[in-house]
Trainee: 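If you scroll down you'll find the structure; I have some questions about it.
Throughout, a chain's letter reflects where its sequence line sits, starting with A, and its residues are numbered from 1. These numbers come from a predicted model, not from an experiment.
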Amino acid sequence: MRLDSWISQRKDKKPTANKEREDKVNQSKERRGKYKCGDLYLLVSADYDPDEKAVFLKLYNVNNHTIRIIYDATGHKPYAYSKQSIEELRVNQHLLRFADRIVDLKEVIKHDPIKDEDIKLTKIIVEDPLVIGGTSSSLRNFIKLWEADIKYYANYLFDTQLNVGKHYNIENGWLKEAEVSYDSAVQRFMKEYADNPDFIRWIKLLAENVPKYKVLAVDIEVYVPDLTRVPQPDNPRDPIFIFSFAGSDGLKKVLLYNLRRESIEKDLNFEIEVFDNEKDMIKRAIEIMQSYPIIVTFNGDNFDMRYIKKRAEYLGLNDIVKDIRLGKNDARINWGVHIDLYRFFKNVSIKNYAFSGKYDEISLDAIGRSLVGMGKIEITEGFEKYSLTELCKYSFRDAEITYKLATFNDQLVLKLITIIGRIANMVIDDVCRLSVSNWIRNRLINIHREKNYLIPLPEEVRGKGGDRHFEPVTKGKKYKGAIVASPKAGLHFNVCVLDFASLYPSIMKEYNISYETVNCPHPECSDNKIPETTTWVCRKKRGIVSEFVGLIRDIRVKIFKRLAKDDRISPEKREFYNVIQNALKVYINAIYGVFGSAEFFLFYLPAAEAVTTLGRHAIISSINEAKKLGLEVIYGDTDSLFIKNPDPEKLEELIQNVTKKLKLQLEVDKIYRYVVFSKRKKNYFGVLIDGSLDVKGLVGKKSSTPEYIKKVFYRILDQLRNISSEEEFYKAKNKIIEIISEAEEKIRKKQVKVDEMAISVTLSKPLEEYTKTTPQHVKAAKLLISKLRRPIYPGSVIRYIKTNDQYKVKPVELVKDPREIDSEKYIELLWSTITQITDALDISAKSSDTSKRLDQFFV
DNA sequence: GCGGACTGCTTACCT
DNA sequence: ACAGGTAAGCAGTCCGCG
């Protein structure tokens with residue numbers, strides 16, 4: 001049997017006209033709201049409907065704040081590429097298995113970026129995505145296919161040239177890019193760069209307004225009397241008894257299934273609807289939820305939404321919850337978008353770059369406290385010990401925190417998600433769940449499509465070969481990274497810090513680094529070597545990644561950073577542009593890293609190594625250049641040079657020389673009134689010219705250090721803050737001695753509160769995976785479980801006390817009496833924290849006598 | 001059997 | 001599941017020691 005007879009029959013089947021298709025869908029799906037002609041829509045999401053065998057788009061109606069769903073009417077079909085000819089594929093047994101689901105085989109020409117030549121491929125077009133991948137019998141498991149692991153709805157957006165986060169109008173059922181207005185400042189930039197279509201395209205995409213979304217935060221409570229039992233969505237035997245809602249339209253509502261027939265307090269800060277059976281409450285809850293296009297939860301993917309769905313089905317309400325769709329690891333809603341903030345805040349790029357590590361535990365309580373100043377209501381006993389009113393308050397607080405996290409600072413989080421969706425061209429459901437490497441992958445796939453480049457398989461990229469030239473300094477790493485120059489220990493006044501503006505992205509841009517340009521196939525490029533290596537870089541073609549990094553780096557620096565600082569623009573708008581430039585920063589900074597990550601689809605170690613090699617080259621030649629000019633370099637880390645008391649003219653000369661020679665922008669980053677180094681790298685403090693204190697890496701700053709010791713540490717630094725000469729420096733001495741001896745005394749006499757002595761350490765993996773050693777926080781966690789039956793998860797912060805009993809450590813919850821504290825250990829800890837300051841000032845040996853010890857230091 | 005030297009594990013930080 | 005480099009504390013092991 002051959003495939004062609006079947007294919008020819010299918011070919012005359014024309015795609016349904018757009019309008020008809022939409023009307024059909026309108027009839028079959030329940031719809032809300034009326035659409036006015038000319039309504040403006042923001043493309044927020046897309047998905048595949050297996051029943052309709054088509055992609056549908058979720059469009060946020062900016063005018064009436066509903067979601068409109070539009071099905072594909074172009075007849076777009078899933079596909080993948082093969083390097084076998086049509087003839088070969090026609091008799092391929094694996095394809096024959098899917099004969100009735102293969103629509104067409106087509107010969108196409110694509111550019112192979114690795115070989116730098118056009119190649120012939122066969123495009124296998126199929127009826128549904130599962131033919132390509134997603135099941136154990138799918139084609140990609142049996143024959144070699146290209147572009148077969150891209151989600152179909154993503155593929156669809158790339159091919160139809162739609163972009164998430166853009167505004168569209170609907171005309172006769174077709175999407176049309178909407179004309180949107182831009183600020184005059186943005187228009188000026190568009191004029192300035194009128195001859196650069198890539199620039200214009202990105203400015204237009206990013207500067208579009210982001211609507212204020214209509215959102216609803218949801219939290220549920222499941223009635224489990226015993227505190228130690230956690231309700232399991234997969235076994236939903238316990239009833240849901242509370243739904244809490246906080247909405248952007250001011251809704252503050254709790255639905256309560258009064259399973260104890262208790263009387264409920266009046267005059268709460270939320271409305272309450274009481275039900276005498278669970279089913280009615282769930283029906284009402286779903287009705288409320290379906291009137292909001294955006295649903296926000298904290299851990300809804302794995303708990304709230306999942307439990308609602310499973311519990312409703314358990315109660316026979318399948319139809320009520322049919323529009324909640326559970327994936328392996330997520331929960332999506334057909335009527336809109338479900339955003340799980342737990343997944344979003346867990347993302348390390350979001351945590352460290354967007355929120356500069358302001359929270360360290362991924363819990364509603366911890367993140368709520370640090371970002372919106374609101375924590376959970378504490379519950380220490382099982383639910384049976386509390387009145388239903390108290391439990392409603394508890395639950396409503398959770399919904400309130402979730403709502404605040406989604407909407408604080410003018411919906412910052414939702415804006416950020418939308419903007420990342422624009423940059424990555426990724427549906428916002430995925431943006432808030434996936435990591436930065438996926439954001440990068442998605443856009444790079446999109447760019448390959450636009451250029452008609454075939455996306456190589458990971459083994460083809462790796463298969464290019466190329467050596468690793470430098471042994472990593474750190475054990476377990478794949479290649480050598482940055483250089484950290486040894487600091488010159490001591491106190492230094494008037495220190496200027498120079499740094500390279502976004503060093504690695506700039507290197508990628510200026511030196512044409514990309515997976516296909518590093519060790520390219522052209523013999524004539526092979527003399528274009530990375531210094532001290534056998535790696536060469538292409539001169540003939542612009543690298544796809546290099547070009548992309550360069551473009552968005554320029555977009556950030558030349559457009560959005562400037563807009564964010566332009567005082568002719570209103571503060572609100574400036575804040576919006578600041579969010580954009582920040583999102584770009586998060587994104588750009590991760591691009592180098594993903595090429596050094598073995599899991600990334602374009603992982604190519606020689607490319608990553610080329611970047612760090614050039615980075616080391618840049619900083620070393622700058623240090624040498626500085627020395628040549630007679631400037632004193634006292635420290636440097638990766639991309640920075642600390643220069644002591646520089647002659648301004650020499651400094652300017654250095655900047656000019658380096659920038660010209662390396663094609664990398666060296667600039668003044670900050671100036672310290674003074675800075676204090678010990679012998680340790682990545683470890684110093686200083687006072688900037690505006691008087692602000694800058695502390696780097698010192699123990700006293702670490703999140704694990706007990707509060708009490710931190711306080712002492714900062715009191716000491718405070719003594720040093722207003723110093724502007726060496727004499728003044730020593731005046732602070734007596735006060736510091738006083739602070740330290742007082743603290744030591746207090747610890748020795750056990751007068752410090754137990755809570756202030758807690759050492760806080762994050763449990764990074766499940767307890768049973770600590771097989772090699774048992775660190776102290778793991779010991780404490782085990783006690784929490786055995787003595788208090790407290791559930792512990794990876795990511796939990798364990799707070800423990802060093803004690804003088806047989807345990808040596810105990811969770812803070814188990815230490816009732818300060819006399820249990822091992823004060824000797826804490827005095828040691830105090831000293832090691834403080835000597836990081838005093839060491840730097842050449843304070844050396846310890847003696848048992850405090851004042852003597854300090855005197856030695858401050859001589 | 002004991003203690004110091006050493007290595008490896010773990011966490012939190014810097015760029 | 002972006003990278004590598006560094007500091008610090010502790011757990012566990014090795015080795016010498018009549």
Side-chain angles (χ1 to χ4, degrees), chain A residues 346-353 356-357 360 434-441 470-487 497 499-505 508 545 549 586-605 607-613 615-616 619 635-642 669 678-684 694-705 759-765 769-779 794-795 797-798 800 802 808-809 825 828-829 832-833 835-836 839:
Chain A
K346 210 178 149 186
N347 184 317
V348 288
S349 304
I350 293 300
K351 174 173 178 266
N352 294 329
Y353 289 92
S356 39
D360 20 45
L434 301 177
S435 65
V436 65
S437 65
N438 286 289
W439 304 342
I440 294 169
R441 174 178 181 263
F470 304 97
E471 194 71 29
V473 175
T474 319
K475 235 170 104 182
K477 300 293 184 186
K478 298 186 283 289
Y479 59 95
K480 189 174 163 89
I483 280 183
V484 188
S486 289
V497 182
D499 79 349
F500 287 102
S502 40
L503 179 64
Y504 290 172
M508 295 185 81
V545 183
V549 174
V586 170
Y587 194 88
I588 295 163
N589 282 341
I591 293 179
Y592 140 73
V594 297
F595 283 90
S597 167
E599 289 73 28
F600 188 62
F601 79 128
L602 297 175
F603 165 63
Y604 189 48
L605 199 144
E609 194 191 40
V611 175
T612 56
T613 305
R616 293 193 299 274
I619 189 170
Y635 181 57
D637 185 348
T638 311
D639 61 356
S640 62
L641 299 172
F642 287 57
D669 177 30
S678 66
K679 280 168 286 186
R680 303 166 187 87
K681 296 171 174 179
K682 298 183 187 283
N683 230 273
Y684 59 91
D694 206 16
V695 181
K696 300 289 181 188
L698 305 190
V699 173
K701 193 191 184 182
K702 292 200 173 188
S703 57
S704 47
T705 303
I759 297 168
S760 316
V761 179
T762 310
L763 196 74
S764 65
K765 53 188 180 186
E769 282 175 30
Y770 289 89
T771 50
K772 310 244 163 79
T773 57
T774 311
Q776 299 196 322
H777 67 295
V778 175
K779 285 195 182 115
V797 172
I798 311 297
Y800 67 89
K802 289 171 184 274
K808 284 172 77 180
V809 294
K825 283 274 182 213
E828 266 175 46
L829 193 58
S832 68
T833 306
T835 45
Q836 283 199 331
D839 247 16

Trainee: Is there side-chain contact between A:Q776 and A:K802, with heavy atoms separated by less than 4.5 Å?
Mentor: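 Yes, side chains in contact.
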
Trainee: Suppose the criterion is side chain to side chain donor-acceptor pair (under 3.5 Å): which pairs have a residue in residues 472-481 of chain A, not counting sequence neighbours?
Mentor: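 Of all non-adjacent pairs touching residues 472-481 of chain A, those that pass side chain to side chain donor-acceptor pair (under 3.5 Å) are A:Y479-A:Y592.
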
Trainee: Please identify each residue that fulfils side chain to side chain donor-acceptor pair (under 3.5 Å) with A:N589, with sequence neighbours left out.
Mentor: none

Trainee: Applying side-chain contact (heavy atoms from CB on, under 4.5 Å), name anything that partners A:N352, two or more places apart in sequence or on another chain.
Mentor: A:V348

Trainee: Would you classify A:Y479 as touching base, sugar-phosphate or nothing, given that sugar-phosphate means primed atoms plus P, OP1 and OP2, and contacts are heavy atoms under 4.0 Å?
Mentor: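 A:Y479: backbone/sugar contact only, no base atoms under 4.0 Å.
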
Trainee: For each nucleotide in nucleotides 6-15 of chain B, reading 5' to 3', give B when a protein heavy atom comes within less than 4.0 Å of its base, S when such contact involves only the sugar-phosphate, and - otherwise.
Mentor: --SSSSBSBS

Trainee: Report the residues that fulfil side-chain contact (heavy atoms from CB on, under 4.5 Å) with A:F601, sequence neighbours left out, ordered by chain and then residue number.
Mentor: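 Result, side-chain contact (heavy atoms from CB on, under 4.5 Å) vs A:F601: A:R441, A:L444, A:I445, A:I455.
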
Trainee: Under 4.0 angstrom, heavy atoms only, what part of the nucleic acid is A:S437 near: base, sugar-phosphate, or nothing?
Mentor: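 Sugar-phosphate: the residue A:S437, judged by heavy atoms under 4.0 Å, touches backbone atoms but no base.
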
Trainee: With sequence neighbours excluded, tell me which residues meet side-chain contact (heavy atoms from CB on, under 4.5 Å) with A:D637.
Mentor: A:V484, A:Y635, A:S640, A:K682

Trainee: Suppose we screen for salt bridge (charged side-chain N to carboxylate O under 4.0 Å, His left out). Which residues come up paired with A:E599, at least two apart in sequence or across chains?
Mentor: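 Partners of A:E599 by the salt bridge (charged side-chain N to carboxylate O under 4.0 Å, His left out) criterion come out as none, since no residue qualifies.
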
Trainee: Roughly how bent is the helix from B:dG1-C:dC17 to B:dT15-C:dA3 end to end, in steps of 10 degrees, with each end axis from five pairs?
Mentor: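 Answer for the end axes of this duplex: 20°.
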
Trainee: Going by the rule side-chain contact (heavy atoms from CB on, under 4.5 Å), which residues pair with A:V436 if we only count those two or more places apart in sequence or in a different chain?
Mentor: A:S349, A:W439, A:I440, A:A590

Trainee: Would you mind telling me which residue lines up with the more 5' stretch of DNA chain C, A:Y504 or A:L829, judged by nearest nucleotide?
Mentor: A:Y504

Trainee: Would you classify A:K802 as touching base, sugar-phosphate or nothing, given that sugar-phosphate means primed atoms plus P, OP1 and OP2, and contacts are heavy atoms under 4.0 Å?
Mentor: sugar-phosphate

Trainee: Using a heavy-atom cut-off of 4.0 Å to chain A, what are the terminal contacting nucleotides of DNA chain C, in 5' to 3' order?
Mentor: C:dA1 to C:dG12

Trainee: Which residues pass the ring-ring contact (aromatic ring centres under 6.0 Å, His included) test with A:F600, not counting sequence neighbours?
Mentor: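 Scan of A:F600 (ring-ring contact (aromatic ring centres under 6.0 Å, His included), adjacent residues dropped) gives A:F595.
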
Trainee: Base, sugar-phosphate alone, or nothing: which one does A:G593 contact when heavy atoms must sit under 4.0 Å apart?
Mentor: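 Base contact.
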
Trainee: Kindly compute the distance separating OG (A:S597) from CG (A:L602), expressed to the nearest 0.5 Å.
Mentor: 11.5 Å

Trainee: For A:E599, which contact category applies under a 4.0 Å heavy-atom criterion: base, sugar-phosphate, or nothing?
Mentor: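 Here A:E599 touches the bases of the nucleic acid.
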
Trainee: Checking A:Y587 now: which residues fulfil ring-ring contact (aromatic ring centres under 6.0 Å, His included) with it, not counting sequence neighbours?
Mentor: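 A:Y587 satisfies ring-ring contact (aromatic ring centres under 6.0 Å, His included) with no residue once adjacent residues are dropped.
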
